[in-house]
Chemist: 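Mind looking over this structure? Questions follow.
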Amino acid sequence: MRTPAETVRLMTEHLGDMGVPAPLSGGVSPFNVLVGTVVSLRTRDAVTLEVTKRLLQRAPTPCELAGAPLCELEELLRPAGFFRVKARQLKETARLLCERHGGVVPRNRDELTALPGVGGKTAAFVMGMAFGIPAVCVDVHVHRISNRTGLLATRTPEQTEAGLMRIFPREEWTGLNHVFVCFGQRVCLPVRPRCTACPLKGECEWNP
DNA sequence: AAAACGGGGGC
DNA sequence: GCCCCAGTTTT
């Protein structure tokens, strides 16, 4: 039986072999991370990247984003899913950052989730990626892969979150989400997983 | 607990 | 053409 650490190492190495870059540690501002994460929900990563780039080019700071006309934000966000909702949420979030947080992205879960469009998963992801604060972000990929590979046999994302926090040291929490998501997009797909090319093959409960 | 938001890509 | 997607908010 493989240890959880070994399972994650196999996934990480396989991603490296496929040329998937490791999560960037510096060079991206917390504001950039926050905007990008909100844009990303239910939207492909290529579209997310392009839309986020244009958005931040138009409005590099929270105050500039808060001052941009809603119709212009909708136009920039059009290729992304839920673009009207996100335009409204991002404009309001930017206004709150500008007027109530001094233009700075807050560092704790409660203040982050108080922003429109920011739920528990987005907050956890931003804390980890923007500030290096240990937090696990259990999205649909993490939950699915954990169950398929036999890492954890949990029924809800909340149980998966608790389980991951128990079996992995705090300093590894932040990196987990990125590994699971990249692996979930390329190998352990929701539908028709590519088991023949999977490094976990042989000790996976889904495809032993 | 379930529905609504929603355009884009894979098959 | 049909189905799925790094979720959050509202009913």
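Every chain is numbered from 1, with letters handed out A, B, ... down the list of sequences.
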Chemist: How close do Leu164(A) and Trp173(A) get, heavy atom to heavy atom, and via which atoms?
Modeler: O-NE1, 3.9 Å

Chemist: Looking only at the side chains, is there a donor atom on one of Glu6(A) and Thr3(A) sitting less than 3.5 Å from an acceptor on the other?
Modeler: no

Chemist: Go through residues 76-99 of chain A and report each residue with a non-hydrogen atom lying under 4.0 Å from DNA chain B, sorted by number.
Modeler: Arg78(A), Pro79(A), Ala80(A), Gly81(A), Phe82(A), Phe83(A), Arg84(A), Val85(A)

Chemist: Within the structure shown, what part of the strands sits under 4.0 Å from Thr122(A) by heavy-atom distance: base, sugar-phosphate, or nothing?
Modeler: sugar-phosphate

Chemist: Indicate, with a heavy-atom threshold strictly under 4.0 Å, whether Val140(A) touches base, sugar-phosphate, or nothing.
Modeler: sugar-phosphate

Chemist: His14(A) and Ala197(A): which non-hydrogen atoms are nearest, and at how many Å?
Modeler: NE2-O, 3.1 Å

Chemist: Return yes if a side-chain donor-acceptor contact under 3.5 Å exists between Thr154(A) and Thr160(A), otherwise no.
Modeler: yes

Chemist: Quantified in whole Å, what is the P atom distance between nucleotide dA3(B) and nucleotide dC4(C)?
Modeler: 16 Å

Chemist: Assess the residue pair Glu50(A) and Arg54(A) against the criterion (salt bridge (Lys or Arg N to Asp or Glu O under 4.0 Å)); give the C-alpha distance rounded to whole Å, side-chain angles, the decisive distance to 0.1 Å, and a yes or no.
Modeler: CA-CA 6 Å; Glu50(A) 184 59 26; Arg54(A) 294 216 289 256; 3.1 Å; yes

Chemist: With a 4.0 Å heavy-atom cut-off, tell me which residues in residues 181-188 of chain A come close to DNA chain C, sorted by residue number.
Modeler: Val181(A), Gln185(A)

Chemist: Evaluate whether the separation between SG of Cys98(A) and SG of Cys63(A) stays below 2.5 angstrom.
Modeler: yes

Chemist: How far, in whole Å, is dG6(B) from dC2(C) if one measures between their C1' atoms?
Modeler: 16 Å

Chemist: For residues Thr43(A) and Gly81(A), report the shortest heavy-atom separation together with the two atoms involved.
Modeler: OG1-N, 3.2 Å

Chemist: Among all residues two or more places apart in sequence or in another chain, which pass the side-chain hydrogen bond (donor to acceptor under 3.5 Å, both in side chains) test with Thr113(A)?
Modeler: none

Chemist: When you check the gap from the basic side-chain N to the acidic O, do Glu205(A) and Arg148(A) get nearer than 4.0 Å?
Modeler: no

Chemist: Are any side-chain N or O atoms of Asn32(A) and backbone N or O atoms of Val28(A), one a donor and one an acceptor, separated by less than 3.5 Å?
Modeler: no

Chemist: Can you tell me if Glu203(A) uses its side chain to pair, donor with acceptor, with the backbone of Arg2(A) under 3.5 Å?
Modeler: yes

Chemist: Touch check for Val118(A), heavy atoms < 4.0 angstrom, all strands: base, sugar-phosphate only, or nothing?
Modeler: sugar-phosphate

Chemist: Would you grab the first and last nucleotide of DNA chain B (5' to 3') that comes under 4.0 Å of any non-hydrogen atom in chain A?
Modeler: dC5(B) to dC11(B)

Chemist: Under 3.5 Å, side chain of Glu172(A) to main-chain N/O of Phe168(A), donor-acceptor pair present?
Modeler: no

Chemist: Could you spell out the base pairing of DNA chain B as a dot-bracket line? Use Watson-Crick and G-U wobble contacts where both distances are under 3.5 Å, [ ] for crossing pairs, | for partners on a different strand.
Modeler: |||||.|||||

Chemist: Shoot me the first and last contacting nucleotide of DNA chain C against chain A, ordered 5' to 3', at under 4.0 angstrom to non-hydrogen atoms.
Modeler: dC4(C) to dT9(C)

Chemist: If we take the P atom in both dG8(B) and dT8(C), what is their distance in whole Å?
Modeler: 22 Å

Chemist: Could you check Val38(A), Leu90(A), Thr93(A) and say which one makes a side chain to side chain contact (heavy atoms under 4.5 Å, CB included) with Pro116(A)?
Modeler: Thr93(A)

Chemist: Output, in order, the C-alpha distance, side-chain angles, deciding distance and verdict of salt bridge (Lys or Arg N to Asp or Glu O under 4.0 Å) for Glu99(A) and Arg95(A).
Modeler: CA-CA 6 Å; Glu99(A) 295 179 5; Arg95(A) 189 185 70 78; 2.8 Å; yes

Chemist: Any donor-acceptor pair under 3.5 Å linking the side chain of Lys91(A) with the backbone of Leu70(A)?
Modeler: no

Chemist: Quick check on DNA chain C: between Arg44(A) and Gly119(A), whose nearest nucleotide comes earlier from the 5' end?
Modeler: Arg44(A)

Chemist: Would the number of heavy atoms belonging to other residues, nucleotides or ligands and lying under 6.0 Å from CZ of Arg100(A) be above 12?
Modeler: no

